[in-house]
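Notes to accompany the following structure.
To find a chain, count down the sequence lines: A is the first, B the second, and so on, and within it residues start at 1.
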Amino acid sequence: MMKIYNTFTKTKEEFRPINPPNVTMYMCGPTVYNYFHIGNARSFVMADIVRRYLEFKGFNVKFTMNITDVDDNIIKKSNEEKKSTTDVAGFYTEAFFEDVRRLKIKTASVYPKATLHITEMIEVIRELEKKGFAYNVNGNVFYDVSKFSNYGKLSGKNTEDLESGARVDVNEEKKNPLDFALWKKAKEGEPSWDSPWGKGRPGWHIECSAMSTKHLGKSIDIHAGGNDLIFPHHENEIAQSEACFEQKFVKYWLHFGFLNMQNEKMSKSLGNFFTAREVLDKYPAEAIRLFFAQTNYGGPLNFSDELLNSAQKGYEKILNLADKIERGIKLDAKSGVIPEFDVKKYYSDFEKVMDDDFNSPQAVAVIFDFIRAANKIIAGNNNIDSIFYHGLKKFLKDTAENVLGIIHLDDLTNALNSDTDNNQIELLIKKRDIAKKEKNFALADQIRAELTNLGIILQDSKTGTTFKKINLK
RNA sequence: GGCGCUGUACCCAAGUGGCUUAAGGGGAAGGUCUGCAAAACCUUUAUUCGUCGGUUCGAAUCCGACCGGCGCCUCCA
C-alpha cells in the first residue's frame, strides 16, 4: 500500500488514483524571466523522483509542467534588457530545458505555455463571471473570495485572519483585499490579448486552473509545488477550479520544502542563491540528486559546498561498485561461482520505504546497504560468474538509476568501452607492471602520477591493475 | 498578531509508542590487502534523541511548559 502526505488533509493517506492505472500529475513550473536556482531544482528533482517512482509501481503517469511565459517579472526584465517579452521568455524557456536535461530530469508529458492557452483561461473566467464568482471593474476582473466558502482550507487560514493581516495590498478596485486578479487590464507597452473585458493579460493563478483542466481533466490526482505556493497560489487555484467546474480539483496536494542558505530560504528576492547551472558546473547531476534524495522532500534542507562534497563522495561510492560491475560483465566469466545474494530483499526494502510517502532517504540507505553487501561478496570471491554482475546491475538500474537518478550506468559503460585512449592507458599500465616486477618503483610511481594528473586512478589487485576515471559527468 | 514547520553523533540525516539500548552518507581512528598508494573489506566513533516535568509496564516517538532556528500570511519551488 502506497501512502502519500496530503497537504490538504495534513495526513498520510493511502494513494488511490482516480483512474488507475493512470495517474495525472501537475507540477508548477518556472516563470521564465531568469535561470532557475538550485532551490527550484530541489522541487523539480523531487517531483521527478515522485513521478519516476509512480512509474516504477506500474502507473501510467501523465506529468504536466506549466511554463509561465507572461507575468510582471518577465515584463520588468524585458524593459530592463530592452527586449521583447517573447524574446525574454523564449530565451529562459530554452535555458530551463537545458538545465532540466542536465539535471537528468525526465521530460514531462506536456509543457503547456500560458501564452498558448489564453482562450482557455478566458473561458474559465467567463464561466466564473457567469456564476457570480468574478466581477469586472474597468477591464480588471477579480475573483470574489467571499463567494467561495472553502477559501483558506488548504493553507489553514481563515478569511478573517487574512483580512486583519496588515500586509494585504490595498487596491481601491477590489471589493475585498483578498480578492485576486483573474484578468489584468492592459497597460501601455505590455503584451495583451483581446477579451470580453477589453485588452489585457491573465492573472497568475488562472493559467494553472485552465491548463491543468485542459491537459489532465477537471479532477486530477496530484498537484505539486514548493511550500511557498500553498498560499496564495494553490489556494486560489482551488477557488477558481472548484467554483468553475463544481468538482474536486485535486486529490493529493504535494509540497516541497525549501533549500536554505545558512538557515535562510534561498530566494530570488533575497539574492542568496546559486543558479542550477552554476552548481551543475561544479558537481555531477547524480551528486546533486543524491544530496536532495538524502533528505525527506517536505522539510528544509541547507545548501553548502561541504554538503555537496559529501554527497559527491557518496556518489563516487556508487560509481566504484558500478565500475566493478561493468568490468565483471565485460569479462563475461561463464560457469564461474554464483554467490548467494538475495537481491529480492533489497527490492522489497526499497519498495517498502518508498511506498511510505516517497521516503527517499531510506531508499538511499537501502542502496548503500546493497552496495556494502555486494562489495563484500566481490572482495571475498574470485572468478564470479557474470550472471551475478548482471543481477547487481539490474537492481541498480531499476532503483538507483530509474527511480532516484543517482547513477547512470550506460554513461559508465560507454566511457569504459568506447574511449579511444583506453588502449594507451592499458599500455602505460603494462609498462608500469614491468617496472614493478623489476622493482623500479620510481618509474612505476611516475607513471601512476602522470595518469592521476589526467584523472585516471589506478587500482592494483591480485588479479591485475584496473583504472577508473574521476569527474565522470 | 494568525497559521505552520523544525531542534537526533564531529557534519548531514532517517526513525514518530516495544522489531531500534537510534538507519544511511560524509568525516575521524585502528586493522586486512599492497613495494607504496587507491579501492574494497573488518572494527571503533549517540545508553542517547533542545531543556524541564507528566502519561505509560514501556517514549527520541504521546501530553504540557519553556528555550532556540525557520517559513507562510506580498512576487517566490
Exercise. Hey, does the side-chain of A:K265 have a donor or acceptor N/O within less than 3.5 Å of a partner on the base of B:rC76?
Worked result: yes
Exercise. Taking the side chain of A:E264 as its heavy atoms from C-beta onward, which of B:rC75, B:rG71, B:rG35 lies nearest to it?
Worked result: B:rG71
Problem set entry | Between A:T7 and A:H255: side-chain donor-acceptor atoms closer than 3.5 Å | yes
Under 3.5 Å, N/O pairs linking protein and nucleotides 27-29 of chain B:
none

For this session: Look at A:R201 together with A:D71 and state whether they make a salt bridge at an N to O cut-off of under 4.0 Å.
Result: no
Exercise. Of the candidate nucleotides B:rA37, B:rG24, B:rA14, which contains the atom at the shortest distance from the side chain of A:R448?
Worked result: B:rA37
For this session: Check every strand shown and say whether A:H255 touches a base, only sugar-phosphate, or nothing at a heavy-atom separation below 4.0 Å.
Result: nothing
For this session: Could you check whether A:K268 gets within reach of a base, just the sugar-phosphate, or nothing at all, counting any heavy atom under 4.0 Å?
Result: sugar-phosphate
Exercise. What is the distance, rounded to the nearest whole Å, between atom CD1 of A:I457 and atom P of B:rA38?
Worked result: 11 Å
Exercise. What is the nucleic acid contact for A:M46, judged by heavy atoms within less than 4.0 Å: base, sugar-phosphate only, or nothing?
Worked result: nothing
Exercise. For A:I75, does its backbone N or O pair with a side-chain atom of A:S78 as donor and acceptor, under 3.5 Å?
Worked result: yes
Exercise. Does any N or O in the side chain of A:D144 come within less than 3.5 Å of the main-chain N or O of A:S146, such that one atom is a donor and the other an acceptor?
Worked result: yes
For this session: Could you tell me whether the side chain of A:R52 and the main chain of A:N402 form a donor-acceptor pair under 3.5 Å?
Result: yes
Exercise. Considering heavy-atom distances to RNA chain B, does A:M266 or A:D356 have its closest nucleotide positioned more toward the 5' end?
Worked result: A:D356
Exercise. If you look at every strand shown and take non-hydrogen atoms under 4.0 Å, does A:N359 touch a base, only sugar-phosphate, or nothing?
Worked result: sugar-phosphate
Exercise. Okay, side chain of A:D48, backbone of A:F44: is any donor-acceptor separation there less than 3.5 Å?
Worked result: no
For this session: Using the P atom as the reference point in each nucleotide, state the distance between B:rC42 and B:rG24 in Å, no decimals.
Result: 12 Å
For this session: Could you check how far CG of A:L458 sits from C1' of B:rG35, rounded to whole Å?
Result: 15 Å
For this session: Return the 5'-most residue of the pair A:H205, A:A311 with respect to RNA chain B, ranking by each residue's nearest nucleotide.
Result: A:A311
Exercise. Roughly, in whole Å, what's the span from NE2 in A:H37 to C1' in B:rC75?
Worked result: 12 Å
Exercise. When the distance from CZ of A:R432 to P of B:rA37 is rounded to whole Å, what number comes out?
Worked result: 13 Å
Problem set entry | RNA chain B: stems of at least 3 consecutive Watson-Crick or G-U pairs whose donor-acceptor distances fall under 3.5 Å | B:1-7 with B:67-73, B:10-12 with B:24-26, B:27-32 with B:40-45, B:50-54 with B:62-66
Exercise. When we call it a touch if two heavy atoms are under 4.0 Å apart, what does A:G298 touch: a base, just sugar-phosphate, or nothing?
Worked result: nothing
For this session: Look at all strands and tell whether A:G156 reaches a base, only sugar-phosphate, or nothing, counting heavy atoms closer than 4.0 Å.
Result: sugar-phosphate
Exercise. Expressed in whole Å, how much space separates the P atoms belonging to B:rU16 and B:rU6?
Worked result: 13 Å
Exercise. Of all the choices, B:rC70, B:rG25, B:rA13, which nucleotide is nearest to the side chain of A:N260 once you look at every atom?
Worked result: B:rC70
Problem set entry | Closest listed nucleotide, where the reference is the side chain of A:F231 and the choices are B:rC36, B:rC72, B:rG24 | B:rC72
Exercise. Within the side chain of A:N302, is there an N or O that forms a donor-acceptor pair under 3.5 Å with the backbone of A:N263?
Worked result: yes
Exercise. For atom P, what is the distance between B:rA23 and B:rU47, given to the nearest Å?
Worked result: 13 Å
Exercise. Is it true that A:E98 and A:R277 have a side-chain N and a carboxylate O under 4.0 angstrom from each other?
Worked result: yes
Seminar exercise, completed: Of B:rC36, B:rA13, B:rC11, the nucleotide closest to the side chain of A:L307 is B:rC11
Exercise. Which value, in whole Å, describes the distance between the P atoms of nucleotides B:rG15 and B:rU61?
Worked result: 15 Å
Exercise. Does a side-chain N-to-carboxylate-O contact under 4.0 Å join A:K76 and A:D72?
Worked result: no
For this session: Classify the ring geometry between A:Y143 and A:F148 as parallel (under 30°), tilted (30 to 60°) or perpendicular (over 60°).
Result: perpendicular
Problem set entry | Nearest-Å distance once atom C1' is located in both B:rC11 and B:rG27 | 7 Å
Problem set entry | Under 5.5 Å and under 30°: A:F441 stacked on B:rG35 | yes
Exercise. With sugar-phosphate meaning primed atoms plus P, OP1 and OP2, does A:L259 contact a base, only sugar-phosphate, or nothing at under 4.0 Å between heavy atoms?
Worked result: base
For this session: Rounded off to whole Å, could you give me the CD-to-C1' distance for the A:E237 and B:rC76 pair?
Result: 14 Å
Exercise. Expressed in whole Å, how much space separates the P atoms belonging to B:rC63 and B:rU56?
Worked result: 15 Å
For this session: Decide ring pair (Phe, Tyr, Trp, His ring centres under 6.0 Å) for A:Y252 and A:F15; before the verdict, give the C-alpha distance in whole Å, the side-chain angles of both, and the deciding distance to 0.1 Å.
Result: CA-CA 8 Å; A:Y252 305 96; A:F15 180 65; 5.2 Å; yes
Exercise. Heavy atoms under 4.0 Å, any strand shown: does A:S269 hit a base, just sugar-phosphate, or nothing?
Worked result: base
Problem set entry | Touch class at under 4.0 angstrom, heavy-atom based, for A:D72 against every strand present | nothing
For this session: Answer yes or no for A:K324 and A:Y389: cation-pi contact, defined as NZ/CZ to six-membered ring centre under 6.0 Å and angle to ring axis within 45°.
Result: no
For this session: May I have the distance from A:N302 (atom CG) to B:rG25 (atom P), rounded to whole angstrom?
Result: 22 Å
Problem set entry | Pairwise C1' distance, B:rC49 and B:rU8 [rounded to whole Å] | 4 Å
Problem set entry | Interatomic distance at P, B:rA28 relative to B:rA39, whole Å | 11 Å
Any protein N or O atoms within reach of nucleotides 39-45 of chain B? Criterion: under 3.5 Å, listing atom names and distances.
| residue | atom | partner | partner atom | Å |
| --- | --- | --- | --- | --- |
| B:rA39 | O3' | A:N320 | ND2 | 3.3 |
| B:rA40 | O3' | A:N375 | ND2 | 3.3 |
| B:rC41 | OP1 | A:N375 | ND2 | 3.4 |
| B:rC42 | OP1 | A:K376 | NZ | 3.1 |

Exercise. What nucleotide, of B:rC70, B:rG35, B:rC75, holds the atom closest to the side chain of A:K436?
Worked result: B:rG35
For this session: Using atom OH of A:Y5 as one end and atom C1' of B:rG4 as the other, report the distance to the nearest whole Å.
Result: 9 Å
Exercise. Whole-Å distance between B:rC75 C1' and A:W204 CH2?
Worked result: 7 Å
